[in-house]
Amino acid sequence: MTEVRVRYAPSPTGQPHIGNVRTAFFNWLYARNNGGKFIVRMEDTDQERLVEGAYEGIFDALKWLGIDWDEGPDIGGPYSPYMQSERLKIYDANVEVLLNSGHAYKCFCTRDRLTKLRKEQTDSKADIKYDRHCLSLTSTQIKEHINSGDTYVVRYRVPSSEIVVIDDIVRGQVEWNTDFLDDFVLVKSDGYPTYHLANVIDDHAMKISHVLRAEEWLPSTPRHVLLYQSLGYEMPKFGHLPMILGPDRSKLSKRHGATSILEYRDLGYLPSAVINFMVLLGWSIDDHTEIISVEDMVASFDLKRVGKPAAVFDIDKLNWMNGMYIRSLDNNDLLVAVKNVCIDAYKGRGILLDDEILAKITPLIAPRLKNLMDAPEMIEYFFTQEIDMNKDLISTVGMDDEEIYNALFMSRQYFLESSNFNKSILEVDLRDICTRLESSPRKYFGLLRNVLTGKSATPPLFDVIEILGKNVTLLRIDAALDLFKIN
RNA sequence: GCCCCCGUCGUCUAGCGGCCCAGGACAUCGCCCUUUCACGGCGAAGAUCAGGGGUUCGAAUCCCCUCGGGGGUACCA
């Protein structure tokens, strides 16, 4: 069996979105499962659409997710270079072969003519395809065009009435009649190859064994097959992976909100969660397993279990999974992560983090976190004097003003005299106070929670009070007492 | 228009002729735990397996048609 060599061939025309990356990941999994190679090749043949920073973004995304590559433009490899813009000579040589063998021809048609042609065909509901205007050019005519400086493209001459068949790894047998294909462009007028040409030549040159790409490539596969045949190259196996759709079932785009995978990083998602969520879009390990380690993915990845239908991206499930992974983080990792987002969020607001307090509160918020970004707001009251506490919020506990005042007053006395802010002692004592007040835990503890944190939902109250400490506790009780002072 | 792919709960999916009047997960809704919110546990609801024809003793699973969705039809990838 020949070595498995698969590739991820992004073009640096934008930030990779979850669909691109999922495709990359499936390739990676397949390589790792088979002890093969995972190659990154940059398809930068569209000089007009290059986006600054896109190249870096692609590698940042892979690195963030822990997807490593064996060969690539940055690290080289036995089939360098891995940037298509640096492989122009290789394409030229192949084009020469195609031109000489009559499989390709030069086309001098202007874009205007092509646009007009297409419009006519659309209007008359005819097939939209190139009319082979330049196929019949004589060598003298071609010379004339070239002498007068006309630019040209090279087109592939599609044979008529042939049936092209592939045995797709995920879709099974798919066939096309070449009569429905038009003479596609191989080389653009700027001398750069099109995707069709470059990808076939490079996949062959780099000994790619399996072409695993998104389903949107399926329609152009017959062109590639034809090229392999004309060039006399052995064909790789094809596998067209299901696409990932937006909630409206259309191809993922900017309209669908966060589209770049890196945005998920910035939004507080863990790479492990994103990976796990992503792998389940179009693949499953069995009928019930949802949380899967990367090791297990590698060990059990099988193209046979890749599904055919496109998958809709469901942010709810990602959120749930993110929570699962946050909870599975060990204390210290979570602490570091939370600290980082807090530093960021508090920057410029004069809020100072206290490492000791942070270390105590982090384990308590872990089960409450679906996203790292939720943390700063959730624990802000530990680090700032100005909490969002007001009469309306306090009153939601269901006690009238007098009851509130009395409860706070009694609490104040207790806290003032208390010398041991330990949660178990606090719990015993405060429950006792609650009884003496003839209140209910729900009301009384709710009151204290509101007053001490400015929030109606927090980690367990006694933990919170212990961490807050005597000073802050008294300060906040006093502030609340002021609000309910009987005039 | 034409070509190609796809079609199981709202969503991700299991299923590859009898184990399925369809299993798991997210979301939803209850209940339990409980000082709140979560987590966790338990449970409910939710899919005439897109529809219609076949084949078969038997079909979500095989075949055909229809419908629906998506993708492609660029000197973009």
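Values in this document were obtained by computation on a predicted structure and should not be read as measured data. No hydrogens, no waters, no symmetry mates; every other heavy atom, side chains included, goes into these values.
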(request) Could you tell me which nucleotide pairs with B:G10 by Watson-Crick or G-U wobble geometry, both distances under 3.5 Å, or answer none if nothing does? (result) B:C26
(message) Tell me whether the side-chain N/O atoms of A:Ser440 come closer than 4.0 Å to OP1 or OP2 in B:U35.
(response) no
(message) Nearest heavy atom decides the nucleotide; on that basis, is A:Ser284 or A:Phe462 closer to the 5' end of RNA chain B?
(response) A:Ser284
(message) Does the plane of the ring in A:Phe184 sit parallel, tilted or perpendicular to the ring in A:His196? Use 30° and 60° as the thresholds.
(response) perpendicular
Are any protein N/O atoms closer than 3.5 Å to N/O atoms in nucleotides 65-71 of chain B? If there are, list each pair with its distance.
from  : atom 1 : to       : atom 2 : distance (Å)
B:G71 : OP1    : A:Lys251 : N      : 2.9

(request) For A:Leu369 and for A:Trp283, locate the closest nucleotide of RNA chain B by heavy-atom distance; then report the residue assigned to the nucleotide nearer the 5' terminus. (result) A:Trp283
(message) Side-chain N or O of A:Arg305 versus OP1/OP2 of B:G15: is the shortest distance under 4.0 Å?
(response) yes
(message) Looking at A:Arg368 and B:C37, is any side-chain donor or acceptor paired with a base atom of the opposite kind under 3.5 Å?
(response) yes
(message) Using OP1 and OP2 only, check whether a side-chain N or O of A:Lys188 sits under 4.0 Å from B:A74.
(response) no
(request) May I ask you to evaluate whether A:Arg118 reaches the phosphate of B:C75, defined as a side-chain N or O under 4.0 Å from OP1 or OP2? (result) yes
(request) Over 60° means perpendicular and under 30° means parallel, so classify the ring planes of A:Tyr8 and A:Phe38, tilted if in between. (result) parallel
(request) May I ask which nucleotide in the shown strands pairs with B:U73, Watson-Crick or G-U wobble, both distances under 3.5 Å? (result) B:G1
(message) Roughly how many Å apart are B:U66 and B:A60, using the P atom of each and rounding to a whole number?
(response) 23 Å
(message) Base of B:G1, side chain of A:Gln121 - is there a donor-acceptor contact under 3.5 Å?
(response) no
(request) Kindly say whether, by distance alone, the side chain of A:Arg442 makes a donor-acceptor pair under 3.5 Å with the base of B:U35? (result) no
(message) Tell me which nucleotide, if any, is Watson-Crick or G-U wobble paired with B:U55 when both distances must be under 3.5 Å.
(response) none
